[in-house]
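See below for the structure under consideration.
None of the values given here were measured: they were computed from a predicted structure. Only this structure's heavy atoms are used, side chains among them; waters, hydrogens and symmetry mates stay out. Order of the sequence lines fixes the chain letters, A, B, ..., with proteins taken first and strands second; residue numbering starts at 1 for each chain.
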Amino acid sequence: MNDRFTHCFKVQDYDLAATLSCGQAFRWQADAEGWQGVVANTWVHLEHKPDGIVARTCEPQTDWQWLADYLQAHIDIGSVLAAFPADPNLQAAVRGHRGLRLLRQPAWECLASFILSSTKQIIQIRQIIESLCEQFGEPVAAPGPASFCAFPSARRLAAATETELRACKMGFRAPYLREAASAVAEGQLNLDQLGQLPYAAARDRLTQLSGVGEKIADCVLLFAYGHADAFPIDVWIARALRQFYFRGRCVPLPRLRTFASERWHGCGGYAQQYLFQYIRHQHGKTARAVRSSH
DNA sequence: CGCCAGGACGATG
DNA sequence: CATCGTCATGGC
């Protein structure tokens with residue numbers, strides 16, 4: 001089973017489909033057997049089999065630690081759940097997708113992707129990023145007829161004009177992306193060094209970028225740096241918090257933030273992702289039921 | 001077709 | 001601290 005092109009990650013309670021399609025990463029696409037994507041500069045195929053997640057590349061690998069890190073294959077979900085406070089809503093969310101995981105993504109791709117995410121549906125974010133990778137990303141070796149590109153470097157995007165970026169349909173986010181790319185390319189923002197900072201300091205640094213507020217900063221701190229207490233609040237999470245903990249009342253965003261940081265102190269990241277998945281599915285079912293009743 | 005989307009920002013109560 | 005208008009685009 002294990003040669004230099006394939007590797008099996010032994011995992012338990014790992015819902016690969018939910019993890020790759022839940023809106024934390026945007027480039028994975030399903031095929032007949034599993035999922036194809038590009039991690040850093042390598043094309044990868046992933047398939048969940050009974051004995052674990054089987055990964056395949058088209059170039060030989062000497063070790064697979066980079067992919068184990070990305071997939072967070074070592075995480076014991078039981079100990080994550082054990083840190084949650086007793087909470088019927090959260091328990092219901094976990095029951096729906098117990099194997100939902102947080103990935104550990106490359107920082108620049110994560111930051112750039114979430115700069116492009118503001119007030120966009122996940123499907124549209126995927127389209128923008130795909131276009132961006134086709135236009136500016138380096139091709140990577142992949143089997144089959146389809147071509148795959150790496151996520152474009154900060155240097156390359158900093159060299160692009162705003163008009164070129166807008167051609168990828170990112171609209172008013174173009175200058176934000178360009179400014180962030182320049183900051184990284186010119187060394188004013190060191191994304192490696194950012195990983196050494198504690199949560200609050202790292203968030204302060206990220207929110208200095210225009211187009212990066214607390215929500216997007218929290219996404220990067222959670223999905224790229226693994227800060228367990230980052231709690232991104234988007235319209236879905238805000239909806240979930242109001243519905244589950246405030247009887248549907250119109251609670252303003254700053255109050256939701258303090259509520260979440262106190263309630264899920266130290267374990268907000270995973271709690272948030274379960275709630276996100278839960279409220280979106282629940283809302284989808286409700287909308288469908290309403291439509292079919294008319 | 002109108003509403004809304006993994007928001008941020010600046011101005012104004 | 002809270003609210004509001006604006007930004008660009010297109011899926012549903």
Using a heavy-atom cut-off of under 4.0 Å over every strand shown, decide if [X] touches base, sugar-phosphate, or nothing.
| X | answer |
| --- | --- |
| A/Phe26 | nothing |
| A/Thr119 | base |
| A/Gly213 | sugar-phosphate |
| A/Pro232 | base |
| A/Leu209 | sugar-phosphate |
| A/Ile237 | base |
| A/Lys215 | base |
| A/Gln273 | base |

Of the options [options], whose atoms approach the side-chain atoms of [X] most closely?
| X | options | value |
| --- | --- | --- |
| A/Gln124 | B/dA5, B/dC9, B/dG6 | B/dA5 |
| A/Gln121 | B/dG7, C/dG11, C/dT9 | C/dG11 |
| A/Pro252 | C/dA8, C/dA2, B/dC9 | C/dA2 |
| A/Trp236 | C/dG10, B/dG6, C/dA8 | B/dG6 |
| A/Phe172 | B/dG7, B/dG6, C/dT9 | B/dG7 |

### Message
Under 3.5 Å, is there a donor on one side chain and an acceptor on the other for A/Asp218 and A/Tyr199?
### Response
yes
#### Entry: Under 3.5 Å side-chain donor-acceptor pair for A/Gln65 and A/Asp69
yes
### Message
So, OP1 or OP2 of C/dA2: does either fall under 4.0 Å of a side-chain N or O from A/Arg257?
### Response
no
### Query
Hey, does the side chain of A/Arg255 come within less than 4.0 Å of C/dA2's phosphate (OP1/OP2), counting only N and O?
yes
### Query
Hey, is A/Phe114 stacking on B/dG6? Ring centres under 5.5 Å, planes under 30°.
no
Send over the distance from [X] [atom1] to [N] [atom2], rounded to a whole Å.
| X | N | atom1 | atom2 | value |
| --- | --- | --- | --- | --- |
| A/Ile216 | C/dC7 | CD1 | C1' | 13 Å |
| A/Arg280 | B/dA5 | CZ | P | 10 Å |
| A/Leu206 | B/dA8 | CG | P | 12 Å |
| A/Asp234 | B/dC4 | CG | C1' | 13 Å |
| A/Leu116 | C/dA8 | CG | P | 15 Å |
| A/Arg178 | B/dA8 | CZ | P | 21 Å |
| A/Gln208 | B/dA8 | CD | P | 15 Å |
| A/Ile115 | B/dA5 | CD1 | P | 21 Å |

#### Entry: A/Ser131 (side chain) donor-acceptor with A/Gln127 (main chain) under 3.5 angstrom
no
#### Entry: Of A/Ile123 and A/Arg173, the one whose closest DNA chain C nucleotide lies more 5'
A/Arg173
### Query
Any salt bridge between A/Glu130 and A/Arg126, counting N to O under 4.0 Å?
no
### Separation of the C1' atoms in B/dG6 and C/dT3, to the nearest angstrom
22 Å
### Task
Using the six-membered ring wherever Trp is involved, compare the ring planes of A/Trp66 and A/Trp64 and label them parallel, tilted or perpendicular (cut-offs 30° and 60°).
parallel
### Task
Measure the acute angle between the ring planes of A/Phe246 and A/Phe259, then classify it against the limits of 30° and 60° as parallel, tilted or perpendicular.
perpendicular
### Query
Start at the 5' end of DNA chain B and walk down; is the nucleotide closest to A/Val212 or to A/Arg239 reached first?
A/Arg239
### Centroid separation A/Tyr14 to A/Phe9 less than 6.0 Å
no
